[in-house]
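A short write-up of the structure that comes next.
Side chains are part of it too, since the values below use all heavy atoms of this structure and drop only hydrogens, waters and symmetry mates. Order of the sequence lines sets the chain letters (A, B, ...), proteins ahead of strands, with each chain counted from 1.
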Amino acid sequence: MSSYDILFWFFSLAMLLSGVLVIASRNPVTSAICLVALFVFMAGLFVLLEAFFLAAIQILVYAGAVMVLFLFVIMLLDLKASQRRRFGWLAAVGGLVVAGALVWELGIILQTPVTVAVSGQTEVGGGLEAVVKPLFANYMLPFQVTALLLLVAMIGVVLLSKKDLQ
Amino acid sequence: MITLNHYLMVSGLLFALGIAGLVMRRNLLVIFMALEMNLNAANLALIAFSKFNKIVDGQVLVFFVIAIAAAEVAVGLAIIVALYRQKQTVTVTELNSLRL
């Protein structure tokens, strides 16, 4: 068992464990902190897949910006009252059935190894240059549209946060 | 030896966890966190395919997913705050004004 395998299993198991804790913990703050751990372990998996740039983005954007937003909103809404609420039987059974069906389906599909379509090419790597070059060549239009979308989202958030929505 | 199937298995398990959280939980914020888990599971699958197919386009797509997820979180949380101002609750079972 190489060190790559050990790291893979460590990151995967830790990530899935923190995923379970996100769902199972009753306090939303605990869920948020476990979600931060999940994002960090996911970034570790990205590094194992040699997607170094995206691992950095994952830490900066997800574990940084997005989770700060979440924690701010949890702080704004005083959630002590809803903290005690247990989830109902129907919802729990429904969730387990849906998730179990997904896992069962997954097990059937992944019994045969997924074939890799293209082979024999050179490694692409996941550094800044490898990811950003197509962004400014083939994907120029989607990139600009994403910038516009961020602007629209910003305006929308400002509008939604106004006191009177009328 | 870690193959593509291992990564797809982890990604699928995380997606199933996210779906279970979406159905089980009643706190709107935790439901939103489960949604983020789903997005991350998809990202992992995309990057794994990108690595094992030796095509960089999957990573570019993940870049877009992360950018749009950030915008989505901002708008979604603003909607949750506006909802809380109107109804004083974020529990989905109490938000039933559209029920017949």
Side-chain angles (χ1 to χ4, degrees), chain A residues 4-5 8 12 15-16 19-20 22-23 28 31-32 35 38 42 45-46 49-51 54 57 61 65-66 69-70 73-74 76-77 82 85 87 91-92 94-96 98-99 102-103 106 110 113-114 116-118 121 123-124 126 130-131 134-135 139 142 146 149-150 153 156-157 160-161 165, chain B residues 1-10 12-27 29-30 33-34 36-37 40 43-44 47-48 50-57 59-60 62-64 66-75 77-82 84 89-91:
Chain A
Y4 184 96
D5 296 19
F8 170 81
S12 315
M15 190 185 72
L16 290 173
V20 170
V22 169
I23 290 174
S31 290
L35 198 59
L38 187 144
M42 180 67 92
L45 280 179
F46 285 4
L49 285 168
E50 295 174 17
L54 288 171
I57 290 286
V61 175
V66 167
L69 264 180
F70 263 110
V73 171
I74 291 172
L76 275 176
L77 323 175
S82 57
R85 205 172 295 277
F87 38 74
L96 287 179
V98 172
L102 251 171
V103 171
L106 196 75
L110 291 185
V114 177
V116 176
V118 186
Q121 282 187 344
E123 289 285 332
V124 285
V131 179
L135 212 56
Y139 295 94
T146 308
L149 184 103
L150 286 173
V157 168
L160 276 172
S161 309
L165 277 175
Chain B
M1 185 64 196
I2 302 296
T3 58
L4 177 57
N5 275 32
H6 289 83
Y7 282 103
L8 292 183
M9 185 184 69
V10 171
L13 283 175
L14 189 65
F15 193 87
L17 264 179
I19 290 282
L22 278 176
V23 178
M24 275 167 147
R25 294 305 299 258
R26 289 175 180 176
N27 190 330
L29 279 165
V30 181
M33 289 180 200
E36 294 302 309
M37 282 165 61
N40 259 279
N43 280 354
L44 181 61
I47 292 188
S50 167
K51 157 98 167 119
F52 285 94
N53 277 334
K54 300 189 175 72
I55 300 172
V56 82
D57 293 30
Q59 295 193 23
V60 178
V62 170
F63 178 83
F64 284 125
I66 289 177
I68 286 166
E72 174 239 344
V73 164
V75 175
L77 287 176
I79 290 175
I80 290 177
V81 170
Y84 186 77
T89 181
V90 287
T91 310

Report which part of [X] has an atom under 4.5 Å of a heavy atom belonging to chain A: side chain, backbone, both, or neither.
X     : value
B/A74 : both
B/L14 : both
B/V56 : both

Which atom names give the shortest non-hydrogen contact between [X] and [Y], and what distance separates them?
X     : Y      : answer
B/G18 : B/A34  : O-CB, 3.5 Å
B/A71 : A/L150 : CB-CD2, 3.8 Å
A/P28 : B/M33  : O-CE, 3.8 Å
A/V66 : B/A70  : CG2-CA, 4.3 Å
A/L38 : A/G19  : CD1-CA, 3.5 Å

Is it the backbone or the side chain of [X] that comes under 4.5 Å from a heavy atom of chain B, or both, or neither?
X      : value
A/L35  : side chain
A/A51  : both
A/T146 : side chain
A/F46  : side chain
A/L16  : both
A/V61  : side chain
A/L49  : both

When [options] are compared by non-hydrogen pairs under 4.5 Å with chain A, the top option:
options                    : result
B/I66, B/T3, B/L4, B/T89   : B/I66
B/I19, B/N43, B/L77, B/V73 : B/L77
B/I68, B/I80, B/I47        : B/I47
B/V30, B/N40, B/V23        : B/N40
B/Q59, B/M9, B/E72, B/M37  : B/Q59
B/V81, B/L13, B/L44        : B/L44

Describe, in one word, how the ring planes of B/Y7 and A/F8 are oriented to each other, choosing from parallel (under 30°), tilted (30 to 60°) and perpendicular (over 60°).
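If you compare the ring of B/Y7 with that of A/F8, the planes turn out perpendicular.
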Most heavy-atom pairs under 4.5 Å with chain B, out of A/A65, A/P113, A/G156, A/P134, belong to A/P113
Chain B interface, residue from A/L110, A/V20, A/V103, A/L149 that has the most non-hydrogen pairs under 4.5 Å
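Result: the option with the highest number of such pairs is A/L110.
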Measuring from atom [atom1] of [X] to atom [atom2] of [Y], what distance do you get when rounded to the nearest 0.5 angstrom?
X     : Y      : atom1 : atom2 : result
A/S31 : A/I74  : OG    : CD1   : 7.5 Å
A/S12 : B/H6   : OG    : NE2   : 9.0 Å
B/F64 : A/Y139 : CZ    : OH    : 8.0 Å

Would you check if the side chain of B/S50 reaches a backbone N or O of B/I55 as a donor-acceptor pair within less than 3.5 Å?
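Confirmed, B/S50 side chain pairs with B/I55 backbone.
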